[in-house]
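Order of the sequence lines sets the chain letters (A, B, ...), proteins ahead of strands, with each chain counted from 1. As the structure is a computational prediction, the values presented were derived from the model and not from experiment.
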Amino acid sequence: MAEIQEKIAKLFPQATFEQGDVLRICIPDAQWHDLASALRHDPDLNYDYMITIAGMDWRTSLGCVYFLQSTTRGNDVISVKVETTDRENPMLHSVADLWAVATLYEREVYDFFGIIFINNPDMRRLFLNIDWVGYPLRKDYDQDPALNPITTESERQSDFTQTWVEGPDGKVEKKEVRIFQPEEFVVNIGPQHPSTHGVLRFRTAVDGEIIKKIDVYMGYIHRGVEKLCEDLTYQQTLHYMDRLDYFSAHNYHHGLCRLIERAAGIQITRRAEVIRVMMDELSRIASHCLFMGTFCMDLGATSMLFYTLRVREMILDIMEKTCGARMTFNYDCIGGVMQDLAPDFQKDVKALLAVIPANIKEYNKVFVGNVIAKERMVGVGYLSKEDAIDYAVTGPSGRASGWSCDIRKIRPYSIYPELDFEEVLMAEGDAMARFKVRLREIEESAKILAQLVDNIPEGEYCVKVPKMLKLPVGHWWEMVEGCRGVFGLYLESDGTAKPYRLKIAPPCLPLAGVVDHITEGMKIADLITIGGSLDYIIPDMDR
Amino acid sequence: MEVTTKSMPYDAWKDNEYIENLVKELQESGTNVIVGSFDKLINWGRSNSIWPLTFATSCCGIEFVSLGAARFDMARFGWEVARSSPRQADFMMVAGTIVNRMVPVFRRLYDQLAEPKYVIACGSCAISGGPFNKSYHVAKGIEDIVPVDVFVPGCPPRPEAMIYGIMQLSRKIKVERFFGGVNRQQKQEDFLKSHPVQDVDQG
Ligand code: SF4
């Protein structure tokens with residue numbers, strides 16, 4: 001880390017540094033693009049994976065915190081803080097030309113904070129409709145429902161997007177750009193469509209059956225979780241983690257608990273760690289089971305759902321006995337877990353482990369070897385490793401392209417370093433690979449469970465934590481592996497009992513962002529295969 | 001008169017008082033209470049084959065998927081024919097949060113359902129906005145958008161609760177001629193008149 005700081009300091013004398021859990025570089029906007037370019041392309045730096053952009057409102061100024069990771073140099077993470085100078089007319093330079101995923105992330109920041117990114121080719125709102133008044137995540141946002149009433153009138157549509165371009169003389173000019181040409185044939189798919197896995201909408205330009213371009217519309221389930229969190233105590237914010245990606249409920253809880261515990265200096269017991277990890281892995285199996293069921297259903301193999309949900313129901317039973325719910329468990333809490341394990345827990349987990357191999361064999365027999373399944377999946381929706389990194393496609397989908405991005409391995413947390421399991425990687429990068437990675441991840445998760453089930457240490461399941469938990473002033477960053485990829489959390493605290501800003505970086509947003517790229521030139525029926533194989537959860541991307 | 005469905009013992013229902021009151025109220029207001037045998041036959045058929053629209057926005061929808069699978073098996077009751085097109089569905093199980101941007105779409109889906117149509121508000125989000133009630137971008141319950149027939153509380157409701165909810169609906173359908181028929185239709189029309197959709201109803 002020290003060499004990197006030195007190197008950057010030499011290149012950019014204006015930069016200042018702040019040492020936190022990740023190194024933070026502060027840079028004025030004028031040098032930001034140059035710095036970004038160096039971070040991205042300099043072989044000694046090579047921060048090729050942009051994890052997220054956290055828009056910020058510091059009251060005196062607006063700005064962004066960028067989180068970058070280098071996939072070649074030990075996966076270290078740095079952050080860059082850039083502030084705007086003018087609150088009335090906030091502008092920053094875009095880095096969309098350096099990281100493909102930045103286009104989408106910058107749109108999100110524009111939507112929530114109204115910061116305009118100069119040279120971003122597509123500066124539209126992302127989640128809210130085009131006539132929305134105000135920028136909701138600003139601290140002075142007016143929540144008056146009269147400004148943005150609920151209406152049954154269809155929202156206004158536009159075939160244009162806007163962009164702010166900087167000329168050679170440094171003057172910034174606003175331009176209108178067409179998204180679809182007038183002669184293009186555009187088909188609307190969604191938001192109510194059985195195979196979009198929720199309420200996602202694609203406007204698809206097609207030439208016969210061939211997809212030319214897809215414009216993704218999100219926000220049909222944008223629930224404003226980040227804003228809601230700012231009004232709740234730390235303990236209260238936790239329950240929203242159940243409702244983002246509801247399959248990764250335990251994993252997301254785990255992430256936020258870790259973050260808050262680290263910030264507050266709380267040490268949890270080993271028993272709690274083991275329980276958390278076991279719940280995470282059980283969730284992973286349940287999640288991948290449901291993925292297989294719904295994905296096969298999308299392809300027309302309805303009965304597969306019944307086979308896979310059989311295992312999922314077993315897991316839900318285990319969880320229900322311990323957590324008291326089949327979904328939205330609210331189980332991990334600050335200091336440990338809510339309740340102790342149910343008396344039957346070990347017995348039930350063993351029973352589950354006993355049936356998993358037979359089930360996997362059956363899935364392989366019923367579906368994977370099937371000629372039709374092969375025809376529909378092999379070679380469909382190819383994503384290269386470079387593109388996976390560029391578009392920040394993590395999780396099983398990224399690993400199917402050969403990118404080693406499993407946080408449990410590359411930046412191990414909790415008790416994962418002690419466990420013996422493999423990161424499943426494949427090189428094919430197509431829908432079949434994405435399917436197979438998940439199938440094999442079930443085996444790996446089962447392996448982890450087998451190692452832990454007889455080794456749950458005695459002890460307290462939850463340590464004492466003050467009811468009104470206050471964090472010191474500061475900021476923290478945490479990443480965990482959800483069922484669909486890297487789940488990042490950025491917290492800024494102003495010393496009160498409520499978060500000043502909690503930025504949630506979900507894995508599914510980039511997954512939807514890559515759809516346009518990998519469907520180009522494919523058949524429209526393949527869109528269903530590709531969407532299904534990416535396995536995005538809409539409430540997770542919309543938050 | 002004991003109104004029940006799916007061989008559910010009458011005493012097992014938790015809210016018989018409500019349905020009895022409705023029947024009484026309607027009898028008093030002079031609505032025709034005699035159900036002809038032909039009506040009975042039709043209602044028996046309709047109440048046993050109500051087809052849902054595949055509509056789910058978030059978490060609650062996953063429990064609806066579980067309902068379709070082998071363990072809870074809604075095929076036992078004739079509800080398993082989930083239709084992807086609103087034109088072919090009888091009722092809409094609103095499973096999940098409805099946010100501002102979704103409202104026009106949701107209302108349009110409802111308008112596209114063929115008559116007679118029903119709505120079940122499933123989960124606290126559909127009922128009141130649930131945990132997101134204070135959000136800037138969430139509808140605080142769907143009751144202001146479409147007329148609702150049955151509410152199923154929970155976050156998410158268990159599949160058993162959903163079964164109970166749909167059974168309630170099928171029970172209502174069974175006696176529709178009693179207090180529905182003209183009357184129910186009328187209520188629905190009044191609602192739609194007082195909640196017009198601008199770009200549709202005004203050309
Ligand atoms: S009621 Fe609860 S489970 Fe259902 S959609 Fe709302 S938050 Fe999710």
Side-chain angles (χ1 to χ4, degrees), chain A residues 127-129 132 134 136 141 143-145 148-155 190-195 197-199 201 217-225 227-228 231 239-240 242-244 246-247 249 290 293-294 297 305-310 312-313 316 320 325-328 537-539 542, chain B residues 53-63 65-66 68-73 82-86 96-112 125 129-140 144-146 154-159 195-201:
Chain A
F127 297 121
L128 304 169
N129 64 40
W132 193 267
Y141 173 66
Q143 289 225 24
D144 186 0
N148 294 297
I150 292 177
T151 162
T152 45
E153 232 174 299
S154 301
E155 66 186 87
Q192 158 63 12
H193 190 274
S195 63
H197 288 222
V199 279
R201 176 172 162 223
Y217 285 72
M218 307 173 193
Y220 291 92
I221 185 73
H222 171 61
R223 308 187 272 198
V225 170
K227 184 79 175 181
L228 286 170
D231 249 345
H239 80 282
Y240 286 125
D242 281 333
R243 292 162 174 84
L244 299 168
Y246 21 81
F247 301 114
L290 196 102
T294 52
M297 209 157 77
L305 183 75
F306 305 134
Y307 288 92
T308 56
L309 280 205
R310 201 167 47 191
R312 184 174 144 83
E313 287 292 341
L316 293 193
E320 190 180 355
R326 288 166 48 85
M327 277 179 78
T328 56
I537 296 294
I538 323 290
D542 280 2
Chain B
L53 172 73
T54 36
F55 176 77
T57 60
S58 49
C59 348
C60 280
I62 305 307
E63 285 297 65
V65 173
S66 308
R71 183 180 192 181
F72 296 100
D73 191 14
R83 301 275 86 180
S84 300
S85 160
T97 327
I98 299 293
V99 304
N100 291 27
R101 197 173 192 181
M102 191 64 196
V103 167
V105 184
F106 168 55
R107 175 58 188 264
R108 178 174 299 196
L109 281 169
Y110 174 79
D111 288 339
Q112 285 175 339
C125 280
F132 307 99
N133 184 284
K134 292 213 180 90
S135 167
Y136 55 88
H137 196 246
V138 167
K140 318 233 163 356
D144 303 331
I145 310 163
V146 298
C155 182
R158 297 181 55 89
H195 295 75
V197 180
Q198 244 125 52
D199 36 350
V200 177
D201 297 345

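- In this structure, the portion of A/F247 lying under 4.5 Å from any heavy atom of chain B is its side chain and not its backbone.
- Both the backbone and the side chain of A/L128 have a heavy atom closer than 4.5 Å to some heavy atom of chain B.
- No part of A/R310 comes within reach of chain B, as not one of its non-hydrogen atoms sits under 4.5 angstrom from that chain.
- Between the side chain of A/R243 and the backbone N or O of B/C59, no donor-acceptor pair lies under 3.5 Å.
- Residues B/R158 and A/E320 have side chains in contact (heavy-atom distance under 4.5 Å, counting atoms from C-beta outward).
- Here the straight-line distance linking atom CG of A/L309 with atom OG of B/S66 works out to 6.0 Å at 0.5 Å rounding.
- Ring pair B/Y136/A/Y141 is perpendicular by interplanar angle, where above 60° counts as perpendicular and below 30° as parallel.
- In terms of non-hydrogen atom pairs under 4.5 Å with chain A, the most contact-rich of B/I62, B/N100, B/V103 is B/I62.
- Atom CE of residue B/M102 and atom CD1 of residue A/I150 lie 13.5 Å apart, to the nearest 0.5 angstrom.
- B/T97 and A/R223 share a donor-acceptor pair across their side chains, judged by distance under 3.5 Å alone.
- Heavy atoms closer than 4.5 Å to chain B are found in both the backbone and the side chain of A/I221.
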Verdict with supporting geometry, A/Y217 and B/R101, side chain to side chain contact (heavy atoms under 4.5 Å, CB included): CA-CA 11 Å; A/Y217 285 72; B/R101 197 173 192 181; 3.6 Å; yes
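- A/T328 places a side-chain N or O within donor-acceptor distance of the main-chain N or O of B/C155, the cut-off being under 3.5 Å.
- Panel note: side chain B/H137, backbone A/H222; a donor-acceptor pair is recorded below 3.5 Å.
- Between chain A and the options B/G129, B/P131, B/A56, the largest number of non-hydrogen pairs under 4.5 Å is found for B/P131.
- Put simply, the side chain of B/T57 does not reach to within 4.5 Å of the side chain of A/I538, judged on heavy atoms.
- When side chains are defined from C-beta on, B/V105 counts as touching A/Y220, because their heavy atoms get closer than 4.5 Å.
- Of the two parts of A/Q143, only the side chain, counted from C-beta on, holds a non-hydrogen atom closer than 4.5 Å to a non-hydrogen atom of chain B.
- Distance check, rounded to the nearest 0.5 Å: CD of B/E63 to CE of A/M327 gives 5.5 Å.
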